[in-house]
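First the structure, in the form of structure tokens, and then the observations on it.
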Number of protein chains: 2
Amino acid sequence: MNVMNASPRRKELTRLAAQLFVQEGFDRTTVRMLAQEMGIKSGSLFHHFKDKQEILAAVIEEGTHNALAIAKRSLDESPPSPEARLRAMARAHLETLFTDRNAHVVALFEWRRLDDSAKAHLSHLRDAYEALWVQVIEEALAAGLIHGDRFLISRFVLGALNWTVRWYDPAGPRTPDELADELIAMIMPAR
Amino acid sequence: MNVMNASPRRKELTRLAAQLFVQEGFDRTTVRMLAQEMGIKSGSLFHHFKDKQEILAAVIEEGTHNALAIAKRSLDESPPSPEARLRAMARAHLETLFTDRNAHVVALFEWRRLDDSAKAHLSHLRDAYEALWVQVIEEALAAGLIHGDRFLISRFVLGALNWTVRWYDPAGPRTPDELADELIAMIMPAR
DNA sequence: TGTTTACACTAGCGCTTGCTTGGTTACTAT
DNA sequence: ATAGTAACCAAGCAAGCGCTAGTGTAAACA
């Protein structure tokens with residue numbers, strides 16, 4: 001088995017797996033389906049991954065890692081005003097949600113299928129991402145842009161954003177950035 | 001097989017199935033697990049339901065039906081002001097989400113497992129429910145309580161509300177009604 | 001040149017899955 | 001008493017599942 005996590009072949013396989021997991025769901029995706037999609041036989045799969053679980057973990061890790069990187073970069077490049085930073089986070093969230101869509105849908109809806117050790121490892125990444133949100137929202141609260149409980153707000157906002165994968169079509173008339181701006185406008189009393 | 005949809009035995013079985021589907025997910029719940037939970041043998045299950053799919057459809061139909069009934073009743077009993085009606089819808093949504101929690105979690109996260117004919121049948125119920133939301137939001141827009149695109153707002157709000165099943169604990173310090181009120185406050189500029 | 005490594009293959013094991021079959025029991029209506 | 005029906009059970013089938021064992025091959029390395 002290949003232990004090097006960043007093998008380019010493995011990365012490509014992870015991408016294909018994410019697509020199948022979204023189409024069929026993790027449980028319904030068989031190792032034979034995965035192998036066929038990758039152009040190999042099912043036995044060969046286990047040269048790259050220890051077991052099926054590990055494929056799932058690789059998909060989710062990849063997606064969450066990217067989300068964290070994009071959010072940090074966006075915040076760094078954003079003007080320092082609380083409103084700009086709030087907008088930057090919302091835009092970054094939708095950007096990563098729809099460029100890396102497959103991985104994120106898997107992360108959102110197949111999280112429970114991870115075994116305990118994978119969950120423990122990955123929840124650190126996820127918590128780091130949520131912490132960015134709470135921080136930006138705290139700044140917005142302090143500036144009087146919004147009102148309410150910071151955890152409640154971050155969860156409502158994340159819920160609204162994550163739910164977009166269920167209905168939003170990036171090929172439609174509205175860009176992800178516009179979508180993010182509309183949400184920010186919705187929760188900001190002041191104009 | 002029992003064709004009478006409202007057989008009391010079948011209703012009880014549906015309730016138990018909902019619980020297992022939430023715990024394990026639809027795919028991971030085997031007919032043997034379902035049967036054991038119900039105190040019968042796996043073969044006997046197919047006296048009550050044509051196949052495993054039909055159990056899922058029964059769970060989702062029951063939940064969606066209740067949600068629609070509760071929302072309609074809440075609107076009837078609400079004062080006629082747009083703000084009161086908006087608040088009533090949000091409260092009704094969380095009320096049904098957490099009294100009928102199992103059925104709704106299944107409806108939200110196992111919808112894709114339904115076959116096409118079941119989807120077609122049940123999406124009518126769901127559309128009727130969403131239409132109530134769009135209507136109430138239209139009234140709030142007309143009254144100047146909120147601003148923006150009505151479909152966008154209803155989807156953001158429903159997303160935020162539905163996502164609560166992932167983090168909210170009804171046994172915690174906040175009641176569902178308070179939660180609903182906080183969300184309404186978040187999207188209403190005027191105080 | 002000989003050895004290792006990466007990657008793929010064939011073949012199939014042991015197990016679980018949804019579902020069917022044929023029959024039994026208890027109750028109810030005639 | 002008789003017939004009908006709802007609810008259940010024991011047994012098991014055919015298909016599919018994740019995964020393993022053992023082998024082949026070509027490139028990279030010593």
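Quick caveat: nothing in here was measured; it's all calculated off a predicted structure. Sequence lines set the chain letters: A, B, ... in the order given, protein chains first and strands last, and positions in each chain run from 1.
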**Asked** Does any non-hydrogen side-chain atom of B/R174 lie less than 4.5 Å from one of A/D149?
**Response** yes
**Asked** Roughly how many Å is it from CZ in B/F46 to P in D/dA10, rounded to a whole number?
**Response** 16 Å
**Asked** Separation of A/R32 atom CZ from D/dT20 atom P, in whole Å?
**Response** 13 Å
**Asked** Which is true for B/K52 with a 4.0 Å heavy-atom rule: it touches a base, it touches only sugar-phosphate, or it touches nothing?
**Response** sugar-phosphate
**Message:** Among B/R85, B/E83, B/M89, which residue satisfies the side-chain contact (heavy atoms from CB on, under 4.5 Å) criterion with B/R87?
**Reply:** B/E83
**Message:** Under a 4.0 Å threshold between the charged nitrogen and the carboxylate oxygen, would B/E12 count as salt-bridged to B/R15?
**Reply:** yes
**Item:** Rounded distance (Å) that lies between atom P of D/dC19 and atom NE2 of A/H48
**Value:** 16 Å
**Request:** Return the value, rounded to whole Å, for the distance between atom CZ of A/R9 and atom P of D/dA27.
**Result:** 16 Å
**Message:** Between P on D/dC17 and CD on A/E24, what's the gap in Å once rounded to a whole number?
**Reply:** 11 Å
**Message:** Whole angstroms only, please: what is the CG-P distance between B/L34 and C/dT17?
**Reply:** 11 Å
**Message:** Check this one for me: any side-chain N or O of A/S44 less than 4.0 Å away from OP1 or OP2 of C/dC7?
**Reply:** no
**Item:** Side-chain donor-acceptor contact under 3.5 Å, A/N162 with A/H104
**Value:** no
**Request:** Would you mind telling me which of C/dT10, D/dC9, D/dG18 lies closest to the side-chain atoms of A/V31?
**Result:** D/dG18
**Complete:** Per atom distances to the B/T30 side chain, the nearest of D/dA10, D/dA6, C/dG18 is C/dG18
**Request:** Whole angstrom is fine here: how far is it from CD in A/Q53 over to P in D/dG18?
**Result:** 12 Å
**Options C/dC19, D/dA6, C/dC9, nucleotide nearest the side-chain atoms of B/H47** = D/dA6
**Request:** Round to the nearest Å and state the distance from B/F26 atom CZ to C/dT17 atom P.
**Result:** 13 Å
